[in-house]
2 protein chains.
Amino acid sequence: MTRMTAAQSPYSPADRPRLGLRERKKIKTREAIRTATYALIKEQGYDATTIEQIAERAEVSPSTVFRYFPTKEDIVLTDEYDPLILAELRARPADEPWMDALRHVMRTALDLSEREDPEVLRLRAHLGVQVPAVRSRYFESMTQTGRLLREALAERTGRDPESLEVRVSAMALIGGMMEVSMYWAENDFEGGLRDLMERALDVMEHGLGPEKP
Amino acid sequence: MTRMTAAQSPYSPADRPRLGLRERKKIKTREAIRTATYALIKEQGYDATTIEQIAERAEVSPSTVFRYFPTKEDIVLTDEYDPLILAELRARPADEPWMDALRHVMRTALDLSEREDPEVLRLRAHLGVQVPAVRSRYFESMTQTGRLLREALAERTGRDPESLEVRVSAMALIGGMMEVSMYWAENDFEGGLRDLMERALDVMEHGLGPEKP
DNA sequence: CATGAAATGAAAGTAACTCTCAAAATCATG
DNA sequence: CATGATTTTGAGAGTTACTTTCATTTCATG
């Protein structure tokens, strides 16, 4: 499952420790909390897993858990691909139609996260389907992404990012992409997420006509 | 603000009471809880309003409040236009393009709810913007609506309502429509919700091209 | 190693919900 | 209208996520 915090070469003074001991400890704690949470959820399910248990397994106090993550759902969901997505999107040629740019970016992002940690992507989608609170938080974070998407769409269409049209487009895309994730989880993760996403972007670009395969 | 529970002709034995005393009381209680909630929220804001206060003002016990509404957010948001929307959608001619059908239905629904109780529509949109928990619940209920929308889209395009394409389209529409509501609230409810919705449906139908006004 | 700053833990508190059970209100009868 | 069955309510105790406060520990730095 989720990689352990690989304590690679714990004592090689000059090479790794660009960060102070404090910073490194914080990162470790964060990881510990997250892996403890994932493990407990797999064992017992989301609801049955309390913050106290998480704290105990991660060997920190409950206070500390809350200091690192504002809510229980955040432990599962937090991690920011957003900046990456935005950067990637800006990197695409400016004259490329925005839908194509988006396609490329999503492909890249999904490939990356799949290679990085395939389990987590699945667990999240699964919890998104099963647990309303997680789904909510998921949606919130997608909404955040939607705000970034506005900027990108605005740049590429010469519109105001705060215009109704841009906002609606961005949010419609977000809604569609979220549904892809739900669909994927509900259908036992069959048919690579990347391909599903592709199909979703197609239908959002060209609209839903009568069936034609 | 919200209409009082108009006790019209409180004692006309034969004409109104098709329902037993029990049923009528339940309806009254429900209304009482809701109006108490709206009033308190207006006075103090959402977070500062506790279930205990609501119970007190509605003259019921906190237990009863929870018996009527599973969560605090539901007190604000519950009420089902969904069946109406679906019926309306089915009532449209079967050969009408589904986007047109949807346009008509949304117009009808918005006009109705605006005439029915304009305050509530605004309060909800406003809380949807301000309070994350409400926004979440709002989104959940839109998701529900999205499921119905699947059926309608499937019927009109001869596709499987559970297909990725249909699901994504439905959810994209939901996302877009939700954004309209947020936009409306954030821009001080200017530019009738109906017209904004119209513009949103347009852009979702034809896509977001370069600006052209 | 001393001093200041940051991170942690302990503890008490709040508020949304859940569960259980007994009392009260309604309903269906004879 | 009395009575027993059924439904609805309220009281109370319990759980848990989250907050706030404050003393203690841990690290950074001169």
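Letters go in sequence order (proteins before strands), and every chain restarts at 1. Keep in mind that this is a model prediction, so the values were computed, not measured.
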Distance alone, cut at 3.5 Å: any donor-acceptor contact between the side chains of A/E162 and B/Y183?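 No pair is found: no donor N or O on one side chain lies under 3.5 Å from an acceptor on the other.
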Which is more 5' along DNA chain C, the nucleotide nearest A/T64 or the one nearest B/E73? Just name the residue.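 That would be A/T64.
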Across nucleotides 18-28 of chain C, 5' to 3', mark each nucleotide with B, S or - according to how protein heavy atoms within less than 4.0 Å reach it. B------BBS-
What is the distance, rounded to the nearest whole Å, between atom [atom1] of [X] and atom [atom2] of [N]?
X	N	atom1	atom2	answer
A/K28	C/dT8	NZ	P	13 Å
A/R30	C/dA7	CZ	C1'	15 Å
A/K26	C/dA5	NZ	P	16 Å

Does the pair B/M171 and B/R150 meet the rule for a side-chain contact (heavy atoms from CB on, under 4.5 Å), with working shown? CA-CA 9 Å; B/M171 203 52 182; B/R150 281 182 203 172; over 6 Å; no
Mind listing the closest non-hydrogen atom pair of A/G146 and A/A170 along with its distance?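 Reported closest heavy-atom pair: O-CB, 3.7 Å.
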Taking atom [atom1] of [X] and atom [atom2] of [Y], what is their separation to the nearest 0.5 Å?
X	Y	atom1	atom2	answer
A/M204	A/R199	CE	CZ	12.5 Å
A/S63	A/I51	OG	CD1	11.0 Å
A/T71	A/E140	OG1	CD	10.5 Å

Minimum-distance nucleotide (side-chain atoms of A/T71 versus C/dA7, D/dC18, C/dC17):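 The nucleotide sitting nearest to the side chain is D/dC18.
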Would a 4.5 Å heavy-atom cut-off, applied to side chains only, mark A/V76 and A/Y38 as touching?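 Side chain of A/V76 against side chain of A/Y38, heavy atoms only: contact under 4.5 Å found.
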Which of residues 51-61 of chain A have a heavy atom under 4.0 Å from DNA chain C?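 DNA chain C contact set from residues 51-61 of chain A: A/V60, A/S61.
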Geometric cation-pi criterion, A/R122 with A/F189: 6.0 Å, 45°: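 Yes.
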Taking only the side-chain nitrogens and oxygens of B/K72, find out if one of them lies under 4.0 Å from OP1 or OP2 of C/dC17.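 Checking C/dC17 against B/K72, no side-chain N or O comes under 4.0 Å of OP1 or OP2.
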OP1 or OP2 of D/dT9 less than 4.0 angstrom from a side-chain nitrogen or oxygen of B/Y68, does that happen here?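 True: B/Y68 side-chain N/O within range (under 4.0 Å) of D/dT9 OP1/OP2.
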